[in-house]
Engineer: 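Structure provided below as structure tokens; questions to follow.
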Amino acid sequence: MIYKPYGRTGIEVSALAFGGMRFIDQDDVDSCAQLVKSAYDAGINYFDTAPGYGKSEDLFGVAFKEMKRIRSERPFYVSTKTSRSKPDDIRRDLELSLQRMNIDAIDFYHMWCIIKRDAYERRKAAGALEEFGRLQEEGLIRHVCISTHMTGPEIGDLLADYPFAGVLLGYSAMNFAYREAGIEAAARQGCGVMVMNPLGGGLIPTHPERFAFVRTRPEESTVAGALRFIWSDPRITAALVGFSSPAQLAEALQAMDNHTPLTEAELQQIRSHMSDAFNELCTGCRYCDVCPVDIPVVKYMEAYNHLMLSGSEKEMLTRLRFHWGINRENSDLDRCIECGACEEACTQKLPILARFADIQRIMK
Ligand code: SF4
Ligand code: SF4
């Protein structure tokens with residue numbers, strides 16, 4: 001197992017981290033808790049959950065009860081989140097998380113799921129950051145972090161506003177261009193960088209031909225190639241993998257055992273092959289950021305990627321709503337004046353306006 005420093009905290013975490021959002025049968029408490037304990041025994045020491053992941057915190061709580069007995073010899077770190085704004089609500093959320101997980105403090109507590117800057121400003125104005133500070137002074141939180149789905153430059157702005165210890169963001173061989181600037185800003189400021197969805201939310205392993213370009217070693221699987229891409233990036237602290245089964249855990253552990261970093265040439269090869277592999281997909285390069293009425297073209301096109309890869313309109317709508325904070329009510333597509341500037345600038349020559357029409361039809 002590789003361990004890396006989590007930003008400026010002085011804590012070393014495993015580069016393969018356990019994401020607690022994908023337990024399949026949450027009623028099978030013993031199997032879920034056993035999965036957590038097996039990961040711990042294999043050297044994983046960072047466990048991420050959230051109050052909104054069903055019974056995930058309770059399941060970790062069952063495992064932590066046993067793991068705590070040897071925690072002084074083999075430390076482990078717990079990450080959870082709150083989407084509350086008001087101090088009292090945040091405190092209540094935290095107390096419930098501690099209770100469910102049988103622990104006395106949260107190592108990495110996240111302001112959860114910031115999709116837009118105004119949402120961050122609203123929580124800040126309600127006193128969320130002050131409350132995090134108080135909880136930290138009381139020893140109930142060790143480090144204040146943020147989880148976000150914003151674009152790279154927006155994440156950079158956010159990190160300049162408050163000294164977060166770390167940032168949790170979606171990043172993979174599928175979408176790295178969207179978040180590149182955020183990763184860079186986080187690394188520059190000494191923040192820990194936890195990557196969620198390193199396998200593109202499952203799209204990478206389910207489309208091995210499309211993502212064949214991540215396999216730089218003949219013998220490796222697409223999953224191993226996608227993880228190697230993350231682990232080779234010195235700016236990234238760890239990849240958070242949501243495990244559902246012992247087989248998935250074993251595959252990721254094997255990828256870690258066999259890990260040797262990509263050479264600079266291999267890294268460049270992956271980056272440059274992306275445009276070919278993504279032929280009719282958006283690569284997140286942001287050259288379309290030229291809209292005279294400020295429509296975030298890249299967000300719509302990224303969600304459209306999900307429609308093209310999965311064939312599911314629902315998947316695209318989910319992506320728009322929960323990842324980019326866009327729904328039928330607040331969509332700004334009807335402000336498009338069809339000037340064509342974005343299409344002209346698009347490096348992939350995507351039919352952006354036709355895709356807008358599709359998205360509007362599906363959103364109705
Ligand atoms: S076509 Fe629409 S989205 Fe594209 S740049 Fe013009 S106004 Fe903006
Ligand atoms: S220019 Fe084209 S490929 Fe690049 S982000 Fe915009 S829509 Fe996507």
Side-chain angles (χ1 to χ4, degrees), residues 115-117 148-157 169-185 195 197 200-201 203-204 207 210-214 229 267-313 315-364:
I115 293 178
K116 289 185 171 173
R117 178 71 190 218
T148 175
H149 293 302
M150 296 200 297
T151 61
E154 291 168 337
I155 293 170
D157 291 345
L169 43 77
Y171 190 75
S172 68
M174 179 178 155
N175 76 349
F176 62 83
Y178 296 96
R179 300 269 151 71
E180 187 65 28
I183 299 255
E184 190 55 41
V195 163
N197 289 328
L203 286 173
I204 293 178
H207 295 80
R210 170 86 69 170
F211 292 98
F213 67 95
V214 301
F229 174 74
L267 198 57
Q268 285 315 321
Q269 185 188 319
I270 290 181
R271 287 170 180 264
S272 61
H273 281 182
M274 189 182 171
S275 301
D276 305 337
F278 274 34
N279 226 344
E280 75 287 16
L281 298 181
C282 170
T283 60
C285 66
R286 303 181 63 91
Y287 278 84
C288 54
D289 263 356
V290 290
C291 178
V293 292
D294 290 332
I295 291 173
V297 177
V298 64
K299 295 182 180 177
Y300 289 97
M301 292 303 104
E302 195 273 349
Y304 201 89
N305 279 354
H306 285 255
L307 171 63
M308 298 198 67
L309 286 169
S310 68
S312 157
E313 293 181 348
E315 177 121 359
M316 183 192 73
L317 292 176
T318 302
R319 188 76 181 170
L320 276 171
R321 179 183 286 270
F322 296 108
H323 200 84
W324 295 120
I326 297 170
N327 54 40
R328 187 173 47 185
E329 286 71 40
N330 68 10
S331 163
D332 38 20
L333 287 186
D334 52 4
R335 288 194 297 105
C336 172
I337 54 172
E338 302 190 359
C339 68
C342 55
E343 281 194 354
E344 205 170 308
C346 179
T347 52
Q348 296 285 92
K349 296 293 161 232
L350 301 180
I352 293 172
L353 292 176
R355 291 186 182 185
F356 279 176
D358 260 3
I359 293 171
Q360 281 181 301
R361 174 185 55 76
I362 294 165
M363 274 204 289
K364 278 204 178 114

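Both ligands and their constituent atoms are indexed starting at 1 by order of listing. Small disclaimer: the values here were computed from a predicted structure and weren't measured. By convention here, the first residue in the shown sequence is residue 1.
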Engineer: How many angstroms lie between CG in Leu169 and CZ in Arg179, if you round to the nearest 0.5 Å?
Structural biologist: 6.5 Å
Engineer: Given Ile352, Ile337, Val297, which has its nearest heavy atom closest to atom 7 (S) of ligand 1?
Structural biologist: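 When every heavy atom of Ile352, Ile337, Val297 is considered, Ile337 comes closest to atom 7 (S) of ligand 1.
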Engineer: Please identify which atoms of ligand 2 are closer than 4.0 Å to at least one heavy atom of Val298.
Structural biologist: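 So the atoms of ligand 2 that pass are 5 (S).
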Engineer: From atom 4 (Fe) of ligand 1 out to just under 2.8 Å, does an N/O/S atom of Cys342 turn up?
Structural biologist: yes
Engineer: Counting each atom of ligand 1 from 1 as listed, which ones have a heavy atom of Glu338 under 4.0 Å away?
Structural biologist: 1 (S), 2 (Fe)
Engineer: Does either side chain, that of Tyr171 or that of Asn197, offer a donor lying less than 3.5 Å from an acceptor on the other one?
Structural biologist: no
Engineer: Starting from atom 4 (Fe) of ligand 2, which protein heavy atom do you reach first, and at what distance in Å?
Structural biologist: Cys285 SG, 2.3 Å
Engineer: Suppose we measure from atom 8 (Fe) of ligand 1 to each protein heavy atom; which comes out shortest, and what is that distance?
Structural biologist: Cys291 SG, 2.3 Å
Engineer: Pull out every atom of ligand 2 sitting under 4.0 Å from any heavy atom of Cys288, numbered as shown with elements.
Structural biologist: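 Ligand 2 atoms under the 4.0 Å threshold to Cys288: 1 (S), 5 (S), 6 (Fe), 7 (S).
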Engineer: Identify, by atom number and element, the atoms of ligand 2 in contact range of Cys346, meaning under 4.0 Å from any of its heavy atoms.
Structural biologist: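 This gives 1 (S), 2 (Fe), 3 (S), 7 (S) as the contact atoms.
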Engineer: Note the single closest protein heavy atom to atom 2 (Fe) of ligand 1, along with its residue, its atom name and the distance in Å.
Structural biologist: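 Residue, atom and distance for the closest contact: Cys336 SG, 2.4 Å.
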Engineer: Under 4.0 Å between a Lys/Arg side-chain N and an Asp/Glu carboxylate O for Arg355 and Glu280?
Structural biologist: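 Salt bridge absent between Arg355 and Glu280.
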Engineer: Within the side chain of Ser310, is there an N or O that forms a donor-acceptor pair under 3.5 Å with the backbone of His306?
Structural biologist: yes
Engineer: Please report the interatomic distance CG(Asp334) to CD1(Ile295), rounded to the nearest 0.5 Å.
Structural biologist: 8.0 Å
Engineer: Is it true that the side chains of Thr151 and Glu154 contain a donor and an acceptor less than 3.5 Å apart?
Structural biologist: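 Indeed, the side chains of Thr151 and Glu154 share at least one donor-acceptor pair under 3.5 Å.
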Engineer: Going by the atom numbers of ligand 2, which of them fall below 4.0 Å from some non-hydrogen atom of Met301?
Structural biologist: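 Selected atoms, number and element: 7 (S).
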Engineer: Identify, for atom 5 (S) of ligand 2, the protein heavy atom at the shortest distance, and state residue, atom and that distance.
Structural biologist: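 Checking every protein heavy atom, the shortest distance to atom 5 (S) of ligand 2 gives Arg286 N, 3.2 Å.
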Engineer: Write out the residue and atom name of the closest protein heavy atom to atom 1 (S) of ligand 1, then the distance separating them to 0.1 Å.
Structural biologist: Gly340 N, 3.3 Å
Engineer: Is the shortest distance from a Lys or Arg side-chain nitrogen in Arg335 or Asp332 to a carboxylate oxygen in the other one below 4.0 Å?
Structural biologist: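 Yes, this pair counts.
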Engineer: Please work out which of the three classes, parallel, tilted or perpendicular, describes the rings of His149 and His323, given edges at 30° and 60°.
Structural biologist: tilted
Engineer: With heavy atoms of Leu353 as the reference, note each atom of ligand 1 found under 4.0 Å away.
Structural biologist: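 Under 4.0 Å from Leu353, ligand 1 has these atoms: 1 (S).
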Engineer: Starting from atom 6 (Fe) of ligand 1, which protein heavy atom do you reach first, and at what distance in Å?
Structural biologist: Cys339 SG, 2.3 Å
Engineer: Using a 4.0 Å cut-off to any heavy atom of Phe356, which atoms of ligand 1 qualify?
Structural biologist: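 Ligand 1 atoms under the 4.0 Å threshold to Phe356: 3 (S).
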Engineer: Hey, what's the ring geometry for His207 with Phe211, parallel, tilted or perpendicular (30° and 60° as the breaks)?
Structural biologist: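 It falls in the perpendicular class, over 60°.
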Engineer: Number the atoms of ligand 2 from 1 as they appear, then name those within less than 4.0 Å of a heavy atom of Cys282, with their elements.
Structural biologist: 3 (S), 5 (S), 7 (S), 8 (Fe)
Engineer: Would you mind checking if Arg319 and Glu302 are paired as a salt bridge, meaning a charged N to carboxylate O distance below 4.0 Å?
Structural biologist: yes
